[in-house]
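Reading through the structure tokens given below for one structure.
These numbers come from a predicted model, not from an experiment.
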Amino acid sequence: MNTFFLILVVFLCVLAVFDLVVGVSNDAVNFLNSAIGAKVARFKTIVFIAAIGVFAGAALSNGMMDVARHGIMTPQYFSFYEVMCVFLAVMVTDVILLDIFNTLGMPTSTTVSMVFELLGGAFAVAILKIAHGATAADGSLLTLGDLLNTEKAISVILGIFLSVAIAFVVGSLVMWISRMVFTFTYRTNGRTTAYNGDMGGLTSSSLKIGVFGGLSTTSIIWFLLVNGLKGSSFMSPELKSIINENTWLILGGGTLVFSTIMTFLSALKMPVLKFVVLLGTFALAMAFAGNDLVNFVGVPLTGLEAYQDYMANGNGDADSFLMQSLMGSAHTPVIYLVIAGVVMVLSLIFSKKAQNVVKTSVDLSRQDEGNEMFGSSPVARSIVRNSNATSKVVSKIIPDGLASWIDSRFNSDEMKLPQDAAFDLVRAAVNLVIAGLLVAIGTSLKLPLSTTYVTFMVAMGASLADRAWSRDSAVFRITGVLSVIGGWFITAGAAFIFCFMLTNIMHFGSYVAMSLSIVLAIFLLVRSNLKSEKKTSQKEDDLFVKMIKAKDKDVIWRLLCEHIRMGNAERLQFVINTYYTMTNSFLDEHYQPIKRSSSLIDEERHALKRQRKQEIIAMQRLDPVTVIGRNTWYFLGINSCQQMLYSLKRINEPLREHIGNSFQPLPSQYHSRFIGMRDEVSSLYQRALYMLTTGDFTNAEQLRVEGDVIQQRIAEDRKRALDTIQRGTANLNTLFLTIHIMQESQELISSLRHMIRGMNKFAGTSD
């Protein structure tokens with residue numbers, strides 16, 4: 001069995017490498033988001049700086065390994081076999097959760113998973129030991145408090161959950177103060193962020209930026225270098241004592257020195273804010289590696305140490321050899337940490353996911369309007385309504401003069417952002433510095449905070465304080481925040497339950513169950529990688545991005561017309577495909593295509609809603625006179641597309657019931673007439689699709705006339721079907737369904753005629 005345990009340890013280490021690669025790829029957004037969102041440097045430069053931080057954080061993360069060793073369970077009462085059951089269950093559960101959450105597209109957290117997996121596995125073994133009357137060395141019965149490090153576990157869990165609220169509040173407060181100081185228009189790098197070119201006073205601008213940069217630099221250096229290095233070998237007890245005794249002197253002196261230097265550099269037109277953002281990127285990357293490395297390699301390295309202890313002292317008795325050695329602090333060989341750092345750096349540099357992560361990561365915190373990743377929810381709507389009511393009450397208390405002055409500090413209309421930037425340098429600096437400090441504090445206290453959610457909540461709090469959440473977008477962004485937090489709770493519960501069950505299975509199933517778990521993990525890993533290779537990323541709406549970034553109203557109008565035309569063309573193509581699939585499935589009695597069409601129709605309705613919101617946002621950037629003269633035809637076209645999808649839905653629902661219940665099929669003698677009707681409708685839609693694709697509406701009126709003719713023919717077919725019902729020569733359910741499909745086909749043509757009319761008028765008035 002010793003060979004089996006060796007294979008098990010090797011497998012845990014292989015999974016650790018996999019976790020490192022996937023974890024860095026998924027979490028790269030945490031420390032790349034702000035620097036790339038503010039466009040402070042080239043992507044390669046930002047990644048290079050982050051890579052240095054990742055490597056440094058990995059090499060200095062030794063203290064966090066104690067969480068995997070004895071932070072959750074008390075290993076002195078656990079045998080080697082029981083510990084290996086828990087560790088294998090933790091790693092296999094990690095793979096299962098990753099596969100499930102990736103499939104569902106739900107947010108997850110490596111920190112939360114690891115803590116609750118360890119808790120679930122240790123709890124399972126503890127219950128079994130208590131049930132079998134396990135005793136301590138003095139003969140007393142062991143309790144749950146003896147087997148689990150409940151005090152530390154509770155502090156870890158509270159640290160994770162409280163970090164969300166703390167990050168949001170601190171991010172909001174610091175951002176509000178920062179914006180009150182800077183506003184959206186300030187002199188930086190010898191340039192200005194104001195549209196009108198106002199440079200502002202050189203002395204006041206340099207002083208503000210200098211003090212801000214000094215505070216940020218001092219904070220980063222203190223928490224990430226001093227606290228991060230306090231476990232290193234060259235930090236002698238004497239040096240630690242000097243630092244602890246002179247904390248405030250060092251902080252005050254550092255702030256004074258760095259503020260002076262930064263003020264001087266700002267006066268010389270040096271990019272101080274960019275330096276702060278890049279330093280913050282390094283800090284957060286270092287904090288991420290130092291804090292999250294334990295999530296990836298803590299369990300495997302602890303398992304390796306347990307195996308080495310067992311081989312040296314266990315005498316081949318895995319069931320009774322207790323893991324007393326794991327009660328001490330971790331002294332992980334530096335070579336393992338360096339290897340982990342190298343893997344993380346290589347993953348960061350070469351991962352395609354990490355390189356493309358910024359495309360959607362700034363969506364919830366960007367300054368301007370745009371695509372919203374989430375819909376609205378009743379809770380979010382209630383929060384927005386209550387917030388608006390509270391805001392009105394507060395506004396009555398604050399004097400008008402003070403309220404006007406505060407509003408003037410948050411006037412973002414005068415701001416000019418760099419090309420493709422989502423927010424300015426001040427917000428980017430706040431995001432990075434505050435998130436880095438919070439994670440670093442958690443690391444220094446040996447609390448494995450969730451870097452993902454600390455960073456996310458700081459960004460959300462900062463964007464809220466920066467008034468990036470307008471009344472038109474607040475409900476969607478609050479829904480997004482609640483969805484992420486909800487996914488976090490689901491992660492915690494799922495990790496605990498899955499690991500609890502797997503540990504029990506392995507404990508009772510012994511080596512057979514362990515072997516099957518390894519096979520399952522390998523299968524899921526291979527399948528997940530194959531699926532990720534086949535899966536194509538969602539195409540970015542380039543036209544919408546161009547509309548948002550464009551300043552010339554003529555350019556915006558041209559892009560808007562193209563966006564509407566191509567968006568409606570996509571809807572027509574979907575209608576053609578879905579209509580053909582459902583009618584074909586009706587004739588062939590195929591249930592699955594009809595069932596699949598139902599979910600596709602719902603997705604298309606959401607896509608149409610997103611298209612409509614994008615286009616309305618773009619219209620807000622045009623002259624009101626231009627928009628008012630054309631909006632009637634726009635809404636006629638977009639509402640017609642909506643009616644098409646409703647018609648498809650009304651066809652789909654009775655079809656699902658009919659085919660699902662295996663009712664009588666359509667008699668073969670009616671097939672040719674039904675197919676003829678279907679082909680005429682499809683052909684008409686194909687011609688309309690060609691018009692939208694090419695932008696040539698020359699034959700629009702002719703197409704509308706032909707649509708009217710087809711509607712008349714379908715009406716005649718409906719009358720013949722009704723005559724058949726009256727003669728009682730066919731199955732009523734089937735003919736009623738056929739008549740219903742005919743009626744909805746007429747509605748499809750009617751909606752198409754309205755849409756073509758609206759698009760023709762819309763395009764005609766644009767000349």
Side-chain angles (χ1 to χ4, degrees), residues 1-19 68-70 72-100 113-114 116-134 142 147-148 296-326 495-528:
M1 285 298 105
N2 291 343
T3 303
F4 176 80
F5 286 123
L6 176 60
I7 295 173
L8 186 57
V9 170
V10 171
F11 177 71
L12 292 179
C13 293
V14 171
L15 284 184
V17 174
F18 170 78
D19 270 359
R69 293 166 63 88
H70 52 255
I72 302 297
M73 60 182 176
T74 310
Q76 66 181 16
Y77 298 122
F78 287 71
S79 69
F80 173 68
Y81 174 75
E82 291 166 341
V83 165
M84 295 309 291
C85 279
V86 173
F87 288 168
L88 180 59
V90 167
M91 298 304 291
V92 173
T93 301
D94 235 13
V95 174
I96 293 174
L97 284 181
L98 183 65
D99 184 71
I100 292 175
S113 341
M114 187 271 293
F116 280 88
E117 284 159 4
L118 279 172
L119 186 60
F123 182 74
V125 175
I127 293 297
L128 292 173
K129 292 179 77 69
I130 292 173
H132 287 87
L142 292 174
L147 295 167
L148 297 181
F296 310 132
V297 302
V299 168
L301 289 182
T302 305
L304 174 62
E305 186 174 336
Y307 172 76
Q308 291 170 340
D309 183 35
Y310 165 72
M311 291 300 294
N313 308 303
N315 297 320
D317 189 1
D319 293 315
S320 61
F321 180 67
L322 299 179
M323 289 286 97
Q324 181 72 36
S325 62
L326 298 184
F496 181 90
I497 293 171
F498 270 120
C499 198
F500 177 85
M501 293 189 299
L502 266 179
T503 303
N504 277 298
I505 292 172
M506 292 179 189
H507 187 273
F508 290 109
S510 190
Y511 304 109
V512 175
M514 289 184 177
S515 302
L516 291 177
S517 298
I518 293 174
V519 172
L520 173 64
I522 294 174
F523 169 76
L524 291 176
L525 285 175
V526 173
R527 191 186 71 166
S528 179

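Shown here is Asn315, whose CG atom has no more than 12 heavy atoms of other residues, nucleotides or ligands within 6.0 Å. Counting non-hydrogen atoms of other residues, nucleotides and ligands closer than 6.0 Å to CZ of Phe87 gives a total above 12.
Here the CE atom belonging to Met73 is positioned 6.5 Å from the CG atom belonging to Leu118, to the nearest 0.5 angstrom. The structure places OG1 of Thr302 at 10.0 Å from CG of Leu12, a figure rounded to the nearest 0.5 Å. How far CD of Glu117 is from CG of Leu502: 9.5 Å, rounded to the nearest 0.5 Å. The distance from atom CG of Leu142 to atom CD1 of Ile130, rounded to the nearest 0.5 Å, is 7.5 Å. Here OH of Tyr307 is found 10.0 Å from CG of Leu8. Values are rounded to the nearest 0.5 Å. We find the CZ-SG distance between Phe18 and Cys13 to be 15.5 Å, quoted to the nearest 0.5 Å.
Considering all non-hydrogen atoms of both residues, Thr74 and Leu148 come closest at OG1-C, 3.8 Å. In terms of heavy-atom proximity, Ala495 sits nearest to Ser113 at CB-O, 3.8 Å. Residues Phe4 and Ser515 approach most closely at CE1-OG, 3.4 Å, considering heavy atoms. Closest approach of Pro300 and Met91 over heavy atoms only: CG-CE, 3.8 Å. Among all heavy-atom pairs drawn from Leu326 and Pro75, the shortest one is CB-CG, 3.6 Å. Annotation for Phe11 and Ala521: closest pair CZ-CB, 3.7 Å, computed over non-hydrogen atoms.
Between Met84 and Val9 there is a side-chain heavy-atom pair separated by less than 4.5 Å. Side-chain contact check for Phe498 versus Phe116: every heavy-atom pair is 4.5 Å or farther apart. Looking only at side-chain heavy atoms (C-beta outward), Met506 and Ser517 come within less than 4.5 Å of each other. The closest side-chain heavy-atom distance from Leu88 to Thr503 is not below 4.5 Å. Side-chain contact between Phe78 and Leu322: absent, with no pair of heavy atoms (C-beta onward) separated by less than 4.5 Å. Between Asp94 and Val299 there is no side-chain heavy-atom pair separated by less than 4.5 Å. Looking at heavy atoms from C-beta onward, Tyr81 lies in side-chain contact with Met514 at the 4.5 angstrom threshold. Ile96 places a side-chain heavy atom less than 4.5 Å from the side chain of Leu520.
Within the structure, every pair that satisfies the salt bridge (charged side-chain N to carboxylate O under 4.0 Å, His left out) test and touches residues 72-84, not counting sequence neighbours, is listed here: Glu82-Lys129.
Taking the six-membered ring where the residue is Trp, the centroids of Phe5 and Phe80 are separated by under 6.0 Å.
Using a 30° and 60° split on the angle between ring planes, Phe496 and Phe123 fall in the tilted class, from 30° to 60°.
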Worked check of side chain to side chain contact (heavy atoms under 4.5 Å, CB included) between Leu128 and Phe508: CA-CA 10 Å; Leu128 292 173; Phe508 290 109; 3.5 Å; yes

